[in-house]
Asker: 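This is the structure I have questions about; it appears just below.
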Amino acid sequence: MPRHRTLVEIERRIMKRFEELDLDVEEEFIIFVVHLLVRDLRRGLHKSDLDKQNACAIIRFVDDIVDSYVSRVDCTMANMKMSWVMKKGRGIDLQYVKEKYEEKFFDELKLLIDDILQYPESCSKAQLDQLFAKMQVFIVACYNLGCPKNHVLLKLTAQALNSVIGRSDLQNYVLKKKYHRLEYLQRLAATVAGIVIYNNDGPDGDRENVRFVVGDLEMAQKNTSSAFQLSLDEAAKMQSLCQTAIGSLIRLDPKDTTMTYRVPLEHLQRLNQFTLTYAMLQRCLGALHRSYERTVYLIEVERNRYDCVVAKINDTLAMRTAIDSELIFPHFVYISQVWSNLNNFLNHVVELNKLREQLELLVGPQIKELAEATIAELQALDKRIKETQKTNFLDRMAVMTDFHTDGNFCSLAEADIKDFCALTMTITNGLLLPAKVTRQLCMNVNITFGLRDHMYARFTELFFEQFIPAFRKVIFNSANLALLFKLDEALISQELQDLTEEPPKRRDFAGQTEMVVTNDLSAPNWINVTWNAWDYHRETIHMAEIRKRQTHDTQTKISYGQRHAQNQTYNTRQHK
């Protein structure tokens, strides 16, 4: 396919340019950018350019992508980078973060575990002392109790370990099989860690040497909540500022079905880029914040479990001098499990903060300053221009009829488009203004459209046939809108699939006579089956006759006239 070959060539040129600039760029991201940006009406390439391989247009397209990637104020590239962070940011998934950190700790502790399991059955006193010290380090590191080099923490761990296992029990541990030793070591570590955690619980605990994950979580929640709220408020403020400026520069009258403006719409598109970027930032931060709130709920549940088990241990130990280990040790193991869960939640909060910081860096203060400068520039331009432009709604919709898109309209059902006025987007070719009412205009497709007021909704219902195709083309021919509404994968999924091979132009066929069986008992031919014995008898004779006429000679290409077809001559029929 010429289109696919051209896109592959463009990707190769862009990666070569990045190598010359000594930039480490993910090739998969560049493929995503090329396939999405090539469809954009303003910055992309039309299919004619791809099929004809217009060299100048392709060079401009490549230069535009390279320059926008390096630039810190290019809104379209910032949107693509934010979308890519959310696609590849597996840190949003709590289960992935848990598995990732557990795998990391296992790799780091593998050498220590192997060292503990390698002691022989006949251990000397010095070797047992070494084994005892290594067990302390393993317990501290396995349950994140603090720094394994802290001698005070190791002393507290040694006291807890002594209360569980003595010298004779340690010798018995060495005599176990290795797979039994590993299982026993894990149970022992959970019990001892629970004792250390319980002994340092409460305000009188040793906070300088023993880590208190509950306090760390409280501080992390406080800082994370304030950081998310600050970022969301700033993004919403800038989005509202840009939308208010656009709303003051154009006037739409749904009664007269006309749009009036002084500043050209292409200038307004410059300001609309910032609206899209801050809306995109707000939606990405919102997704992270929702994941954070789910984790906060799980933290609260785990905190209640922690308080319950501590209270249970306090009740068990109250006014007793001797307690059976089988009665109290399971509670310490449970404390260790709760402690591990709280550590996993803390790691998830850390990963969410990392993703939040990546998004904030992509929309830095340079974009904010440029947005404010663009607003001031367009407002001054609006005052200078005296002549007013006026156009009809239907004329603006008709402009989109010449454009083509591969986007499927039904995929809009999965997009959240109700926050912005769909009619304004269609008429202005992508300008975002807030919606106040919602309508389901399609009876057979569950799509909720947002509109500015009931008059807009009335016009949309009356001119539904003109509105729907124009709205579809506006959405799918804009890379920014496709990213904002998460339609990018649905738009480019066809092109990213493996190409199907074209069928051959010539096919060889066999000269063998087919055996047509009328009474075939297979499922496709069940309708032809008969239970009449005479029909079977006639069918048997018929098959025998076909078999008797069956040929076995092979038709070669020479006899068929294919190999030397260029040398063949055909006599024309002579008419008398």
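Position 1 is the first residue of the sequence; numbering continues from there.
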Asker: Between the side chains of Q273 and Q269, does any donor sit under 3.5 Å from an acceptor?
Answerer: no
Asker: Restricting to salt bridge (Lys or Arg N to Asp or Glu O under 4.0 Å), what partner residues turn up for D233, sequence neighbours left out?
Answerer: none
Asker: Checking salt bridge (charged side-chain N to carboxylate O under 4.0 Å, His left out) for the pair E293/R290: CA distance, chi angles, key distance, verdict?
Answerer: CA-CA 5 Å; E293 287 179 336; R290 287 190 293 272; over 6 Å; no
Asker: Please step through salt bridge (charged side-chain N to carboxylate O under 4.0 Å, His left out) for the pair K222 and E218, ending with a clear verdict.
Answerer: CA-CA 6 Å; K222 182 179 179 181; E218 290 176 353; over 6 Å; no
Asker: Does either side chain, that of Y101 or that of N343, offer a donor lying less than 3.5 Å from an acceptor on the other one?
Answerer: no
Asker: Among R42, R17, R43, which residue meets the salt bridge (Lys or Arg N to Asp or Glu O under 4.0 Å) test with D64?
Answerer: R43
Asker: Suppose we call two aromatic rings close when their centres sit under 6.0 Å apart. Are W339 and Y143 close by that rule?
Answerer: no
Asker: Is a side-chain N or O of D419 found less than 3.5 angstrom from the main chain of P434, in a donor-acceptor match?
Answerer: no
Asker: Between R305 and E302, does any side-chain N to carboxylate O distance fall below 4.0 Å?
Answerer: yes
Asker: Between V97 and N344, is any pair of side-chain heavy atoms under 4.5 Å apart?
Answerer: no
Asker: Using 4.0 Å as the upper bound for N to carboxylate O, is an ion pair formed by K87 and D488?
Answerer: yes
Asker: Quick check against the 3.5 Å criterion: does N272 have a side-chain atom that pairs as donor or acceptor with the backbone of G430?
Answerer: yes
Asker: Thinking salt bridges, do K418 and D416 make one under a 4.0 Å N-O criterion?
Answerer: yes
Asker: Check the side chains of H289 and Q229 for a donor-acceptor pair under 3.5 angstrom, ignoring hydrogens and angles.
Answerer: no
Asker: Is K368 paired with E234 through a side-chain N to carboxylate O contact shorter than 4.0 Å?
Answerer: yes
Asker: Only counting residues at least two apart or in another chain, list the ones meeting ring pair (Phe, Tyr, Trp, His ring centres under 6.0 Å) with F105.
Answerer: none
Asker: Among pairs that include at least one residue of residues 342-368, which meet ring pair (Phe, Tyr, Trp, His ring centres under 6.0 Å), considering only residues two or more places apart or in two chains?
Answerer: none
Asker: K354 vs E351, test: salt bridge (charged side-chain N to carboxylate O under 4.0 Å, His left out). Steps then yes/no.
Answerer: CA-CA 5 Å; K354 289 180 181 178; E351 292 296 322; 3.5 Å; yes
Asker: Under a 4.0 Å threshold between the charged nitrogen and the carboxylate oxygen, would R12 count as salt-bridged to E9?
Answerer: yes
